[in-house]
Amino acid sequence: MHSSAIFTSLVAIASIAAASPTRRDTYYAVSVNVITSPGLDPNKVSEPAPIAINQLTAINCDSTGTGCASSELILDPSIAINVDINTVECRAYKDAAGVEPGSLPFNVSTPAELSTNLGSISSILCYIVETD
Ligand SMILES: *[C@@H]1O[C@H](CO)[C@@H](O)[C@H](O)[C@H]1NC(C)=O
């Protein structure tokens, strides 16, 4: 059914783990601003979500616990705990298990534009990419 998507995710996670010079006893994190207004709304509303590096993080914008209706995801350039923000890349997923992609990869210079309506996002994974 979704086996190819699951396989792709596992391969992605395996290569992420190999490429990430992180230590278990140190907390590495960034913050993603989840814009919850429609894309053309000038009065953007954002929900900051703290995201630990290499850790799929469930996000919820309200008490129903069913994810976030979002138009844009922005990696906050001012918040980076034990990481160089310029080496971080993130992806959002439609499901809490991180199987169904909900955005293109995004980083501090390129936010993820989801839709002029609102795309639904349930989890975010951020990881370190090599910078050569
Ligand atoms: C961010 O992503 C864009 C598009 O993938 C890429 O061209 C750019 O080099 C990336 N920037 C950083 C700081 O990694």
Side-chain angles (χ1 to χ4, degrees):
M1 193 177 64
H2 291 305
S3 60
S4 67
I6 291 168
F7 179 73
T8 304
S9 291
L10 291 177
V11 169
I13 288 166
S15 55
I16 288 160
S20 302
T22 53
R23 292 161 56 97
R24 274 187 191 285
D25 54 355
T26 303
Y27 182 63
Y28 301 88
V30 293
S31 180
V32 173
N33 291 324
V34 180
I35 308 299
T36 57
S37 60
L40 301 177
D41 185 345
N43 302 309
K44 292 187 169 187
V45 179
S46 82
E47 301 264 344
I51 309 290
I53 296 297
N54 289 344
Q55 189 173 308
L56 186 69
T57 303
I59 58 164
N60 294 296
C61 288
D62 58 42
S63 56
T64 63
T66 52
C68 268
S70 176
S71 58
E72 190 177 18
L73 301 167
I74 302 171
L75 188 56
D76 189 331
S78 67
I79 299 176
I81 301 168
N82 292 321
V83 292
D84 177 354
I85 195 74
N86 295 304
T87 67
V88 175
E89 184 177 272
C90 302
R91 293 165 191 246
Y93 299 91
K94 292 177 181 173
D95 59 320
V99 173
E100 208 184 333
S103 77
L104 293 171
F106 59 99
N107 61 29
V108 71
S109 55
T110 309
E113 309 287 344
L114 300 179
S115 167
T116 50
N117 296 311
L118 295 172
S120 183
I121 293 303
S122 290
S123 58
I124 296 176
L125 177 67
C126 293
Y127 46 89
I128 308 292
V129 292
E130 301 291 338
T131 49
D132 288 346

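Just follow the structure's listing: the first ligand is 1, and inside any ligand the first atom is 1. In this text, all values refer to a predicted model and were calculated from it rather than measured experimentally.
- For the residues Thr110, Ile85, Asn107, the heavy atom positioned nearest atom 2 (O) of ligand 1 is part of Asn107.
- What you find for Ile121 and Gly102 is that their closest heavy atoms are CD1-O, 3.7 Å.
- Counting heavy atoms from C-beta outward, Ile51 and Cys90 have side chains that stay 4.5 Å or more apart.
- For ligand 1, the atoms closer than 4.0 angstrom to any heavy atom of Asn86 are 13 (C), 14 (O).
- The nearest pair of heavy atoms linking Tyr28 to Asn82 is CD2-O, 3.0 Å.
- Every atom of ligand 1 with a heavy atom of Ser109 under 4.0 Å away is listed here by number and element: 1 (C), 10 (C), 11 (N), 12 (C), 13 (C).
- Here the straight-line distance linking atom CG of Leu104 with atom CD of Glu89 works out to 10.0 Å at 0.5 Å rounding.
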